[in-house]
Amino acid sequence: MSGSSTTGRFAPLAEGATRAPDEAERAVLERWREREVFRSVAAARAEGEVFVFWEGPPTANGRPGIHHVMARTIKDAICRYQTMRGRRVERKAGWDTHGLPVELEVEKALGISGRPEIEAYGVGPFNERCRESVWTYRREWEQLSERIAYWLDYDDPYVTYDADYVESVWHILARFHDAGLVYRGQRVVPYCGRCGTGLSSHEIGQPGVYQDVEDPSVTLRFRLAEQAGGEPESLLAWTTTPWTLPSNFALAVHPAHEYVRARVPLGEDGGSEIVWVVAERAATVLGESFEELERRRGSELAGTAYEPLFELGEPFLLPPSESVDHQARHRVVLADYVTTEDGTGIVHQAPYGADDWALATRLGIPTVLGVGPHGRFVRPVGPVEEGTPFKEADAPLTADLERRGLLFASARATHSYPHCWRCDTPLYYFPTPAWYVRTTAYKQRMIDYNRRCNWVPPQVGEGRFGDWLENNIDWNISRDRFWGTPLPFWVCEGCDAERAVGSVADLERLAGTLPEGFDNHKPLIDEVTIGCEACGATMRRTHAVVDCWFDSGAMPYAQYHWPFGDSRALVREQFPASAIAEGLDQTRGWFYSLLAIGAFLAEEDEDLEPGLVYRNCIVNGLVLDKDGVKMSKRLGNIVDPWEAIAEHGADALRWTMLAAGSPWLPRRFDPDAVLEVRRRFFGTLANSYRFFAEYARIDGFDPEDVRIPPAAERSEIDRWLLSRAQTLIATVVECMDAFDLTGTCRAVETFVVDELSNWYIRRNRRRFWKGETGADKLAAFASLHEALRSAVLVTAPIAPFLAEQLWACLAGDGSSVHGELIESAGGSRVDVELEASMAVVVRVVEMGRALRERAGARTRQPLRGIHVRCCDPDDLELLRGAFASAQVFDELNVKGWASLEMDDGELCTLRAKPEFRTLGKRLGPLMKAAGGVIAALPAEDVARLRDGGEVEIEVEGRLVTLGPGDVRPTVEVHAPFDVETDGRFVCALDLELDEDLVAEGLAREAVSRVNGLRRESGLALEQRIHLRLWGEGEGISKALSAHAELIGAETLAAELSTAAEALDGTVWAEWTVGEGEVLRASLVAAEPRS
RNA sequence: GGGCCUGUAGCUCAGCUGGUUAGAGCGUCCGCCUGAUAAGCGGGAGGUCCGUGGUUCAAAUCCACGCAGGCCCA
């Protein structure tokens, strides 16, 4: 890498590390690769406690986007951290390779579309293409994952299409089957007759699927089976799909709605009839001339029998219900989904709707299919011949009903109807055979398992996922597709017996022999038949493949080819997961499939520890663009991760993603935020190291130097830094253990930017460049070195590249930061009092700075003192300490305390604020009045309370005893000049200057000007100079002579003269300083080592 | 239609086991530094905490109902 020319300890950090991060990070990657760092770090943890991480396999069906950077960063940061805590983390990569999206991609590539065309192309070659297609994306995913330092074992990934993986899935499916939890049913899916395939919800979500079309809108008479009087009596039902009428099996009404029985005129010849319709729609449906005879709730109509419009006869399509009730056909049923927005409030039920089908299943109502799998009539119905496409039956059926007097009203209506996104054919909903896992049988167990899981954030687990589990329905695991794990279920042609096959060996045994080239995918597997043990007929495999969520949910076991080979011990160790981390969209996806499979298997097999499937589940939200809009190809607002990385590097993306807000909320991706992270945090951390390294090299600092004073013997400021560094590590450990990555980032940023850089380094710079290498300098070096080391350690899980580069420089021994240990803070260096002391200093300094700013007194001008009043004796004591005092004086450039006392009634008066937290509970309704009394408490009383005494007050006639914890002392300011207060301290500056102060101010001014000149002249840092200074005016001249030593030292002047004449061949300049006085300077480089 | 989430400074977000000066970063204005320098630092201004009711001595925080947005499901 670029920095390798200067190797060894404290080498300069390459410029590129912060300026050209892409290049610098690639160099780190190269080094990791060369030295096999990933492997050697893992090897070093071979004996460590196990932290079980499961990689949710990305679907290898599309390019990774910027949101994947976020998800993968979270996973990587967790694993890196755990590794740095000494744990052994198996990080096996995985790829989800089956499924519809892959098929669609291949169809597109081949220029074919739909089932018939795939079959014409050949299922074997088609699946081969699928298998290859997956690789295109696998490569890109691997490259991006590697680039962002998502450390995984990509050499030995689990791949869901691998024969071993598929075999494990078979085993699990067979376990489900053998436990009696698998059954065959029907599932209503949107179906395209032309393509011969059901459409997934994803496909239904495609743009253009729902189109406005004009359809018949017909209202029909369903004659009551028992006609009461002379007039014909009917239930009116409305539909826009007359073709479904032959398959009508029930009429649904809403139990709570009111229905009217009305007499309406019948045609023009004067007769009348009686019809039922929901009250709310009566006027619309019946017009004005109707006579209301009675009203009933829908619930009262339940069970009313009516005459079917058509009689189709057998065979019946039986719903997967425990008891089928043939008597239930053609009756009124109750359904909550009935609305009164359109129609008659009486809804025609046919098996071409999901609601309808669910109802039929629930009530055990058999139905008859008019239209079959190809979108054509499978039997003649009235005027409609067998083979008629369903849409073409609307007109003749309507005409037939009209002829028979069953058509009440007819119109055309425009409504939104789904069409096939491939071929634009209108879809129809159709019950297709499907295989289910009876998850409802162990729903409660899933709920219990889920309760034991710690969700980050909790509301996803309790709310979103918890509710979903409460409403669990059986899992439809079959997909009528080509590229997937074939369902290992064989069904007998003769007696319909089922058999599940749990391994290839079993299959071979049962089938006798397997076809050549058998690979447990379609199509060859479909050629394998088994003799039925029961009846001797042939058993054939069901044609379906498994839902690919089942594949990924089986990953804890299938990734090791469980239970085959020597996988058992591994799975025993790697189950349950310590943590998984995925996007919110996985709630109903992977989070569910893991749980549904795990909650079953864990109670079944002794390899698995029952109780839960994953201990922690860390959820991240969507990544939006910088304006909060979801990224989509259509809007062109997708952020290409490669471009973002090229510009900012992966670390900056990683850090920004985690630091910018709670990860589970939708996140805006704002490039400016990335820039800010680079500048503020990365820049500061890198510069802090550069500062350290520059002087460490000059002085040849060696952290092993025996002369370095032990921590306990170093100055307060050093011990403060070490204390803060150790506190930081404790904070990071606490946050990371709770999977609070954002909190981690913030803690590290605060330490590095505010404490290490802007306080410690700024306040201690001089110690690094002044004088000889004595104990104090060594202590400064050692302290800064250790603080940097801590900062880099805790940065490493989240910004692995920068941390690695810094570590390389800090350690200089070729070791990787990712192999280091983050040691839990022992507290040995944490000095609470010192930290408190510094906190007080910071408060006073901030107030002092504000005062200086307002007074226009720049820091360079020394002031005689600062007045401080405290209302807490502890604060006073802290400030009086030599360390704190010195810090305040130096930082504010004041000579001392003008005064430092407790409140003396002069600048301010001691007051009390009620401590609501304790008092509120005790006083309740009296609190408000008590607040007033407390605020008016005289200073003596407050002082007594502060010093531990008690005070009695009267509140609304009642005596209340106040103790020390009941009030917080504060100050009320009444000073005649400018003061600053935060309620705890009151500060004021003594702004009066005497001659000496002015002189010193001028001298400092001179130093500043000369150093500016040095800089402009391009002199090296350590270059000594000959300096000549002379002033015009009494003040400046005095200042120069009085502070010659200071000026000389600060400007590295080997020689300082004051003659009013420039040195030969020198740089010179003049400035106006102070009250219109002129300062002139002239300087020349001194001979080296003069 | 249901579930969940979000609404706090111009922007991005903290705070939310109820407790009295509501915070940070960015931006903006003013200033500083110049031995970390194609950086850095300080100070100031800026807020009906979405709205309306309620509970409470006390509400940004809890509850209810709205409004707006998002995600998931129907």
Side-chain angles (χ1 to χ4, degrees), chain A residues 13 15 18-19 201 336-337 339 354-355 457 459-468 470-471 583-585 587-589 621-622 624 626-630 656 659-662 664-668 670 672-673 675-677 679-681 683-684 686-695 742-743 746 749-750 753-754 757-759 761-762 765-766 768-770 845-846 848-854 856 858-860 913-931 935 955 968 970 981-983 1008-1009 1011-1016 1019-1023 1050-1052:
Chain A
L13 180 66
E15 283 284 291
T18 42
R19 275 207 204 110
S201 55
D336 287 335
Y337 52 77
T339 69
D355 283 340
Q459 63 264 23
V460 177
E462 289 159 14
R464 196 179 259 251
F465 195 48
D467 288 342
W468 154 261
E470 292 288 346
N471 298 315
L584 191 56
D585 53 342
T587 339
R588 276 120 168 119
L622 236 73
L624 311 171
K626 66 171 298 187
D627 300 315
V629 180
K630 191 173 175 174
T656 310
S662 312
W664 54 86
L665 299 177
R667 306 293 303 289
R668 300 183 181 205
D670 182 357
D672 289 345
L675 216 53
E676 176 60 18
V677 162
R679 206 172 54 74
R680 192 177 129 80
F681 175 59
T684 305
N687 274 343
S688 298
Y689 169 75
R690 289 186 179 119
F691 172 87
F692 163 78
E694 185 157 355
Y695 294 105
T742 309
R746 295 211 166 122
E749 278 176 13
T750 302
V753 176
D754 294 340
S757 171
N758 287 335
W759 193 257
I761 293 185
R762 190 169 54 75
R765 285 189 238 232
R766 282 155 194 274
F768 293 89
W769 75 65
K770 285 276 176 183
V845 161
E846 279 171 1
R849 284 200 285 238
L851 287 164
R852 266 192 177 273
E853 180 90 14
R854 281 207 294 274
R858 57 176 48 174
T859 315
R860 205 178 287 150
K913 284 204 162 178
E915 198 63 74
F916 289 92
R917 218 180 272 270
T918 56
L919 273 179
K921 288 214 167 63
R922 232 168 73 208
L923 298 184
L926 287 178
M927 185 64 240
K928 202 165 206 165
V955 184
R968 189 154 35 93
T970 180
T981 183
D982 65 349
S1008 157
R1009 303 291 183 159
N1011 279 335
L1013 192 58
R1014 277 184 62 107
R1015 164 150 215 87
E1016 280 168 36
L1019 293 176
L1021 287 188
E1022 318 108 278
Q1023 178 65 55
E1050 291 292 312
T1051 58
L1052 287 189

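A, B, ... follow the sequence lines: proteins, then strands. Residue 1 opens every chain.
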Practice problem: Determine the Euclidean distance between corresponding C1' atoms of B:A22 and B:U8; express it in Å to zero decimal places. | Solution: 8 Å

Quiz prompt | Worked check of side chain to side chain contact (heavy atoms under 4.5 Å, CB included) between A:E846 and A:R849 | solution = CA-CA 5 Å; A:E846 279 171 1; A:R849 284 200 285 238; 4.0 Å; yes

Quiz item: Between A:W769 and A:L1052, does a side chain to side chain contact (heavy atoms under 4.5 Å, CB included) hold up when you go through it step by step?
Solution: CA-CA 11 Å; A:W769 75 65; A:L1052 287 189; over 6 Å; no

Quiz item: Nearest 0.5 Å, what's the NZ-CZ distance between A:K928 and A:F916?
Solution: 10.0 Å

Quiz prompt | Mate of B:C4 where both pairing distances stay under 3.5 Å, Watson-Crick or G-U | solution = B:G70

Quiz prompt | Pairwise C1' distance, B:U6 and B:C49 [rounded to whole Å] | solution = 14 Å

Exercise. Round to the nearest Å and state the distance from A:W468 atom CH2 to B:C71 atom C1'.
Key: 15 Å

Quiz item: Can you give one letter per nucleotide of nucleotides 35-45 of chain B, 5' to 3': B if a protein heavy atom sits under 4.0 Å from the base, S if only from the sugar-phosphate, - if neither?
Solution: BBS-SSSBS--

Quiz item: At what distance, to the nearest 0.5 angstrom, does CZ of A:R1014 lie from CD of A:E1050?
Solution: 11.0 Å

Quiz item: What does B:A14 pair with, Watson-Crick or G-U, if both distances are under 3.5 Å?
Solution: none

Quiz prompt | Interatomic distance where CG belongs to A:L584 and P belongs to B:G3 [whole Å] | solution = 17 Å

Self-check item: Length of the CG-P vector between A:L919 and B:U20, whole Å
Solution: 13 Å

Quiz prompt | B:A64 versus B:G3 - spacing of their P atoms, nearest Å | solution = 12 Å

Quiz prompt | Paired nucleotide for B:G31 [Watson-Crick or G-U wobble; both distances under 3.5 Å] | solution = B:C41

Quiz item: Using purine N1 to pyrimidine N3 plus N6-O4 or O6-N4 for Watson-Crick, or N1-O2 and O6-N3 for G-U wobble, each under 3.5 Å, what pairs with B:U55?
Solution: none

Quiz item: How far does the P atom of B:U28 sit from the matching atom of B:G10, given to the nearest Å?
Solution: 15 Å

Quiz item: RNA chain B: A:T918 or A:T859, which has the more 5' nearest nucleotide?
Solution: A:T918

Exercise. Whole angstrom is fine here: how far is it from CZ in A:R917 over to P in B:U17?
Key: 10 Å

Self-check item: B:A9 versus B:C4 - spacing of their P atoms, nearest Å
Solution: 26 Å

Quiz item: At under 4.0 Å between heavy atoms, what does A:R746 touch on the DNA or RNA strands: base, sugar-phosphate, or nothing?
Solution: sugar-phosphate

Self-check item: Whole-Å gap separating P (B:U17) and NZ (A:K921)
Solution: 13 Å

Quiz item: Do side-chain atoms of A:N758 reach the backbone of A:V753 as a donor and acceptor pair under 3.5 angstrom?
Solution: yes

Quiz prompt | Inter-nucleotide C1' distance (B:A59, B:G18), Å rounded | solution = 6 Å

Quiz item: When you match A:R858 and A:M927 each to their closest nucleotide on RNA chain B, which lands nearer the 5' end?
Solution: A:R858

Practice problem: For A:F916 and B:A59, give me the distance from atom CZ to atom C1', rounded to whole Å. | Solution: 13 Å

Exercise. Would you kindly give the NZ-to-P distance between A:K913 and B:C57, to the nearest whole Å?
Key: 22 Å

Quiz item: Would a distance-only check, ignoring hydrogens and angles, find a side-chain to backbone donor-acceptor pair under 3.5 Å from A:T970 to A:G983?
Solution: yes

Quiz item: In whole Å, what is the span from the CD atom of A:E470 to the P atom of B:C4?
Solution: 12 Å

Quiz item: Between A:F768 and A:F691, what is the ring plane arrangement, given parallel below 30°, perpendicular above 60°, and tilted in between?
Solution: perpendicular

Quiz item: Distance between the P atoms of B:C63 and B:A74, in whole angstroms?
Solution: 28 Å

Quiz prompt | Min side-chain heavy-atom separation A:I761-A:S688 under 4.5 Å | solution = yes

